[in-house]
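Presented below is the structure to which this report refers.
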Number of protein chains: 2
Amino acid sequence: MTTTRVDGRLVRGDNTRRAVLRRAVDIASVDGLEGLSIGRLAKELEISKSGLFAHFGSKEELQLATIRAARRIYADAVVQPALAVEPGLGRVWAMTENWLDYSQRRVFPGGCFFAKTSHEFGSRPGAVREMLATVYREWIGLLEQTVAEAVSAGELDADPADLAVELNAYYDAANLASLLRDDHDVIYTQTRQLIRSRLESAATPEAPLPW
Amino acid sequence: MTTTRVDGRLVRGDNTRRAVLRRAVDIASVDGLEGLSIGRLAKELEISKSGLFAHFGSKEELQLATIRAARRIYADAVVQPALAVEPGLGRVWAMTENWLDYSQRRVFPGGCFFAKTSHEFGSRPGAVREMLATVYREWIGLLEQTVAEAVSAGELDADPADLAVELNAYYDAANLASLLRDDHDVIYTQTRQLIRSRLESAATPEAPLPW
DNA sequence: AAACTAATAATACGATCGTTCGGTTAGTTA
DNA sequence: TAACTAACCGAACGATCGTATTATTAGTTT
């Protein structure tokens with residue numbers, strides 16, 4: 001068996017690391033970054049606890065790596081497909097559709113990974129909270145910029161910072177409702193309609209409506 | 001020393017129970033209902049672990065009792081003062097002010113107890129999730145009814161179920177932002193303004209604006 | 001083939017978890 | 001005062017937690 005080297009790392013070890021993190025994000029989305037225990041993770045993957053541990057060096061490093069892995073999955077599911085749509089109201093709507101799909105399809109089995117973990121660590125000082133806060137600011141900033149492009153294009157008339165916060169509020173509310181209620185279709189359908197209404201009230205007469 | 005009896009329970013034991021739950025809601029709002037450990041709770045209160053445990057019989061019962069205790073505190077802080085305001089747009093606004101104050105004043109040190117624990121247990125089947133789901137439905141129902149009263153009074157023109165969901169979305173978004181950002185004043189001021197705007201857009205011309 | 005390195009494993013550590021059991025204290029009732 | 005009960009405590013249980021140490025395997029390099 002041959003292995004190649006990437007950035008001085010053996011591919012064998014990197015595959016393990018990837019498998020660990022793929023499982024880790026799923027576990028954490030259900031049981032949190034604290035409920036994500038090293039022993040359980042090793043048992044489910046059928047590898048040794050100490051071998052797994054060696055990849056990260058500490059629980060906190062595992063948690064940080066898990067957040068980075070979740071961020072990549074999130075970027076692939078929500079952000080990148082929206083960036084393929086040209087700037088303007090269409091992209092704002094694409095971001096909305098992608099986000100609600102991401103929550104509804106359960107890209108993470110426990111719903112939005114970041115809603116879950118941000119609430120878990122939001123009032124616990126430390127590196128984990130700092131990273132989650134950074135991801136939060138990144139995301140709101142991206143949403144704000146997306147709205148700002150639509151304003152520049154003359155398709156929306158709104159304060160980008162305000163509308164970004166509002167859109168994000170709708171997203172998270174739908175995600176939380178889906179955790180506590182059984183009628184998921186109702187929730188996401190209602191949320192889509194509410195956001196359409198909100199965007200219509202901010203759209204200029206010339207704006208082509210993307211729905 | 002004399003003790004009296006209430007509902008067949010000695011007051012001595014009930015005082016202990018109350019003290020335990022008062023501390024429990026604070027811990028859970030920061031570290032979650034799972035991070036709420038019996039040993040830690042006993043140590044902080046300087047009582048024995050087994051004596052504390054005997055009051056509840058199981059960890060899950062402690063968690064359920066903690067949710068009930070938090071619900072009472074929430075009712076006192078948010079709901080009851082709003083019910084003192086006469087039905088209509090004024091009461092809707094009172095609910096909003098009380099909620100944002102409840103979050104901002106940190107009635108629970110970790111922010112909204114229910115945002116925290118609902119995210120923690122939302123994807124974990126069991127009695128705890130069921131109780132949190134019930135509290136959620138209660139709360140949204142109350143909000144919806146409050147809006148409906150304002151509609152009946154001719155002060156708002158909106159679908160009560162929709163507007164209730166929207167208001168709750170704004171509340172939770174402010175709470176989460178306050179967990180991840182440092183500029184709390186900005187967050188709550190912005191949220192108040194956003195909700196005022198939303199309510200003005202739904203208010204009838206005759207409605208007296210309560211702000 | 002020998003030397004070397006990265007990846008993984010075996011084992012054990014002290015701490016803490018929820019829970020159980022048996023005893024002790026405090027206070028009521030007969 | 002004696003009997004009784006509710007409240008509380010001390011100690012221990014098996015399990016699991018994160019982490020450290022030491023060994024072994026797999027694969028590369030010379």
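Labels below follow one simple rule: chain letters A, B, ... track the order of the sequence lines, proteins then strands, and each chain is numbered from 1. All figures in this text were calculated on a predicted structure; none of them were measured in a lab.
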From the list B:Thr66, B:Asp31, B:Asp26, B:Val25, side-chain contact (heavy atoms from CB on, under 4.5 Å) partner of B:Leu36 resolves to B:Thr66
A:Ile38 has an atom CD1; how far is it from atom P of D:dG18, in whole Å? 5 Å
Any side-chain N or O of B:His55 below 4.0 angstrom from OP1/OP2 of D:dC8? yes
Hey, is CZ on A:Arg198 packed in by over 12 heavy atoms from elsewhere, all under 6.0 Å? yes
Which of parallel (below 30°), tilted (30 to 60°) and perpendicular (above 60°) describes B:Tyr102 and B:Tyr74? perpendicular
Does the pair B:Glu120/B:Arg129 count as a salt bridge with the N-to-O cut at 4.0 Å? no
Integer-rounded Å distance: C:dT11 C1' and A:Phe53 CZ: 15 Å
Roughly, in whole Å, what's the span from CG in A:Leu52 to P in C:dA9? 9 Å
Distance-only donor-acceptor test, B:Lys49 side-chain atoms vs D:dG10 base atoms, 3.5 Å: no
Reported OG1-to-CG distance for the pair A:Thr146 and A:Leu89, which is rounded to 0.5 angstrom: 11.5 Å
Any donor-acceptor pair under 3.5 Å between the side chain of A:Ser48 and the base of C:dA10? no
Using whole Å, report how far NZ of B:Lys59 lies from P of C:dT16. 15 Å
Kindly state which residues belonging to residues 20-37 of chain A come within less than 4.0 angstrom of DNA chain C, counting heavy atoms of the residue only, listed by number. none
In this structure, how many angstroms lie between the P atom of D:dA7 and the CZ atom of B:Arg18, rounded? 13 Å
Hey, is the main chain of A:Gly51 close enough, under 3.5 Å, to the side chain of A:Ser48 for a donor-acceptor pair? yes
Taking D:dC9, D:dC8, C:dG18 as options, the one with an atom nearest any side-chain atom of B:Ile47 is D:dC9
Using atom CG of A:Asp14 as one end and atom P of C:dA7 as the other, report the distance to the nearest whole Å. 8 Å
Of the candidate nucleotides C:dT19, C:dT11, C:dT8, which contains the atom at the shortest distance from the side chain of A:Ser50? C:dT11
note: A:Leu41, atom CG; D:dC17, atom P; distance rounded to Å ~ 11 Å
How far apart are the C-alpha atoms of B:Asp76 and B:Arg72, what are their side-chain angles, what is the distance that settles it, and do they pass the salt bridge (Lys or Arg N to Asp or Glu O under 4.0 Å) test? CA-CA 6 Å; B:Asp76 288 346; B:Arg72 283 192 292 271; over 6 Å; no
Distance check needed: D:dA6 P versus B:Arg17 CZ, whole Å only. 16 Å
Residue whose closest nucleotide on DNA chain D lies nearer the 5' end, A:Gly57 versus A:Gly39: A:Gly39
Which part of the nucleic acid, if any, lies within reach of A:Ala54 when heavy atoms closer than 4.0 Å are counted: base, sugar-phosphate only, or nothing? base
